[in-house]
Structures are given as C-alpha cells and as structure tokens.
Enquirer: 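Let me begin by handing over the structure; questions about it come next.
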Amino acid sequence: MTSFNDRFKELRNLLRSYEETGYTFDDAPDRPGAALAAFLRQAGRHPGRAAELAAEIDDLLSKGLFSEEIAEDVDLLPHIKPPIGASVEECLLLIRQHLVDFLEVPGRPAPVTPPQTAWEWKGRFPELSHFLSAYFHQDFDAEYASHREAVDDYLDGVSEGDLRIVIKEIQDFLDMNTDDISLRDASRTLGLCISPPKGVSLRRWLNDVREIIAHHK
C-alpha cells in the first residue's frame, strides 16, 4: 500500500485558519492578519512549523498553482480569496515574508495569552479537544449512561503518549482560564456540549477527569 504524502500539511492547516476568519487573506505588509497571527502564536510553541510552512510555500510557488505535478495536492487545500487587486501568489509571498520575519527572532518565547479563534484553541489543545468533542458531544445521552462511562471509553482506546498529553493540556487549560465564564466558553469551543455531573462545577469536573486519567493503569 502506498502511503499518503501530505505535501502541503502545514499550508492546509494555515488555510483552515483563514476559513474561520472569513475565507479571505487579510494580511498587510506591516502586520499579519487574524488567521496568520493565530498560526504564529502556535509557532511560538513549535518554531519548526513556521519553517516547514515557508518551505511548503516555496515548493508550491516554484511549481506553480496550476502545475499538473501538484494538482491533486492543491485540490486538497482550502480555497481562500485574495483581496481585490491581488493574486493568491502575492498573498502567499506576503505570508512567507511574515514567516521569515518570525524565524529571524531566535528564542522567541511561547505566547501566554489565550487563543483568539476556535481554530487556535483546538490547535493549542488538540487532545483535550478530541476528548471533549468525541465523548461529550450532543448525542452523549444516547451513547453513555454517565460521564465516567464516557471517560472509561476514552481510556480504553487512548495511547500512553496521548494520556500524558491530555493530562498536561487539562492543567494548562485550567491555568489559562482562571474565571468560570472563560472556562465555560473555551470548553464549548473545544467541543464540550453537555454540562458536568449534577452538583459539580466545570472546573472541579475537569480536575477530577485529570486525576482519573493520571491514575489510569
């Protein structure tokens, strides 16, 4: 079986950010727009992603947007509109320049401010987002008799690596959302569609879940 070569993985990921902020490139020479700024905040935690994105843009532009060689790969990319008077190629070159500027600052500290878009929240807390959206969705009552049953279902199929990740993500998520309103809104953004168990606050429940996962054998 031939493995799938995800040629433009980071570029597709970035373009999904533009989907959320209006399907239009909104960057300017002196500042990244909302979608690119969200990506760069994530890249502050993983600088290699910015370098990979710049390389993918170089690859795409060197071949040409309409090259038959990469036609199937380009078809998988979200379609984002350039502003009036600009081309997609010009928008990608501008994005690349912002990436270069970002990469020229070594040791850039990871951002401590909360994410600004749903795309950024899910990118910042991917395993927690999977846990909440896949097990505590709107059809929860049809699948599970209790919150603990859903947690146990998650634990039955998760890897040890993902367990370590979600434990840290829950703690970071709680530390980032210090008030109950922001915690509620951010949890909904990550995919939580139901309330915690009766009589238990959302913060307490997430802490309890973290403890259950941490002690899972």
Side-chain angles (χ1 to χ4, degrees), residues 6 9-10 12-21 34-53 102 107-140 143-144 146-197 200-217:
D6 200 354
K9 177 182 177 181
E10 285 297 347
R12 187 173 66 254
N13 187 33
L14 170 66
L15 295 180
R16 286 173 178 163
S17 181
Y18 284 92
E19 283 184 318
E20 184 177 310
T21 59
L36 181 55
F39 178 90
L40 292 176
R41 284 191 292 271
Q42 286 195 13
R45 303 179 59 83
H46 308 284
R49 294 182 60 184
E52 178 60 30
L53 175 56
F102 173 86
R108 183 187 296 269
V112 295
T113 56
Q116 302 300 306
T117 69
W119 176 92
E120 190 178 357
W121 275 109
K122 293 171 184 176
R124 174 66 179 81
F125 299 100
E127 187 59 27
L128 179 56
S129 177
H130 165 69
F131 170 70
L132 294 177
S133 63
Y135 296 88
F136 299 94
H137 46 69
Q138 60 186 3
D139 296 323
F140 170 86
E143 295 190 30
Y144 302 109
S146 68
H147 291 69
R148 181 57 190 263
E149 184 179 335
V151 174
D152 288 342
D153 191 21
Y154 169 75
L155 292 174
D156 282 343
V158 70
S159 69
E160 289 187 11
D162 285 341
L163 283 177
R164 290 191 294 270
I165 291 171
V166 78
I167 290 169
K168 185 176 188 309
E169 286 187 5
I170 291 174
Q171 187 60 64
D172 291 347
F173 185 71
L174 291 170
D175 291 343
M176 182 173 287
N177 294 282
T178 56
D179 66 87
D180 292 342
I181 293 177
S182 67
L183 183 64
R184 179 200 64 196
D185 292 345
S187 296
R188 290 175 177 173
T189 297
L190 291 187
L192 180 63
C193 292
I194 65 170
S195 299
V200 180
S201 70
L202 178 56
R203 188 173 302 276
R204 171 65 182 276
W205 178 67
L206 286 172
N207 263 314
D208 290 346
V209 168
R210 184 178 60 83
E211 287 297 317
I212 292 170
I213 295 174
H215 292 90
H216 175 68
K217 303 295 184 183

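All figures in this text were calculated on a predicted structure; none of them were measured in a lab. One-based numbering along the sequence shown.
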Enquirer: Once rounded to the nearest 0.5 Å, what's the spacing between atom CG of Leu192 and atom CZ of Phe140?
Expert: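 Here the interatomic distance stands at 10.0 Å.
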Enquirer: If we only count heavy atoms from C-beta on, is the Ser201 to Asp180 side-chain gap below 4.5 Å?
Expert: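 With C-beta onward as the side chain, the pair stays apart.
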Enquirer: Taking the side chain as every heavy atom from C-beta outward, state whether Asp6 and Arg12 have any atom pair closer than 4.5 Å.
Expert: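 The answer is yes; the side chains approach within 4.5 Å.
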Enquirer: Examine the side chains of Gln171 and Asp175 and answer whether a donor and an acceptor come within less than 3.5 Å of each other.
Expert: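 Yes, because at least one side-chain N or O of Gln171 sits under 3.5 Å from a partner of the opposite role on Asp175.
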Enquirer: Report the distance from atom CD of Glu143 to atom NE2 of His137, rounding to the nearest 0.5 Å.
Expert: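 Separation between the atoms: 4.0 Å.
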Enquirer: Answer yes or no: is there a donor N or O on one side and an acceptor on the other, between the side chain of Trp119 and the main chain of Phe39, under 3.5 Å?
Expert: no
Enquirer: Decide, yes or no, whether a salt bridge links Arg204 with Asp208 under the criterion of side-chain N to carboxylate O below 4.0 Å.
Expert: yes
Enquirer: Stepwise, does the side-chain contact (heavy atoms from CB on, under 4.5 Å) test hold for Ser187 with Leu206?
Expert: CA-CA 10 Å; Ser187 296; Leu206 286 172; 4.2 Å; yes
Enquirer: Give the minimum heavy-atom separation between Ile167 and Ala214, together with the two atoms involved.
Expert: CD1-CA, 3.5 Å
Enquirer: Using side-chain heavy atoms (C-beta onward) and a distance below 4.5 Å, is Ser182 in contact with Met176?
Expert: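 A side-chain contact under 4.5 Å is absent here.
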Enquirer: Do Leu183 and Phe173 touch side chain to side chain, with heavy atoms closer than 4.5 Å?
Expert: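 Yes, at least one pair of side-chain atoms sits under 4.5 Å.
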Enquirer: Output the distance between atom CG (Leu36) and atom CG (Leu53), rounded to the nearest 0.5 Å.
Expert: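 Reported to 0.5 Å precision, the distance equals 8.0 Å.
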Enquirer: So which heavy atom on Gly44 is nearest to which on Phe102, and how close?
Expert: N-CZ, 3.7 Å
Enquirer: Does the side chain of Asp172 reach to within under 4.5 Å of the side chain of Leu128, using non-hydrogen atoms?
Expert: no
Enquirer: Is a side-chain donor or acceptor of Ser129 paired with a backbone partner of Phe125 at a separation under 3.5 angstrom?
Expert: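 Here the side-chain-to-backbone pair does not exist.
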Enquirer: With a 4.5 Å limit on heavy-atom distance, are the side chains of Val158 and Ile213 in contact?
Expert: no
Enquirer: Between atom CG of Leu15 and atom CD of Glu20, what is the distance when rounded to the nearest 0.5 Å?
Expert: 13.5 Å
Enquirer: In chain order, what residues pass the ring pair (Phe, Tyr, Trp, His ring centres under 6.0 Å) check against Phe131, with sequence neighbours excluded?
Expert: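 Partners of Phe131 by the ring pair (Phe, Tyr, Trp, His ring centres under 6.0 Å) criterion, ordered by chain and then number, come out as Phe136, Tyr154.
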Enquirer: Should Trp205 and Pro197 count as side-chain neighbours, where that means a heavy-atom distance under 4.5 Å?
Expert: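 Yes; the side chains approach each other to less than 4.5 Å.
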Enquirer: Within the structure provided, determine whether Val166 and His130 are in side-chain contact (heavy-atom separation under 4.5 Å).
Expert: no
Enquirer: How close do His216 and Leu155 get, counting heavy atoms only, and between which atoms?
Expert: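 Smallest heavy-atom distance, with atoms named: ND1-CD1, 3.7 Å.
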Enquirer: So, Gln116 side chain and Pro114 main chain: donor-acceptor pair closer than 3.5 Å or not?
Expert: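 Checked: pair present.
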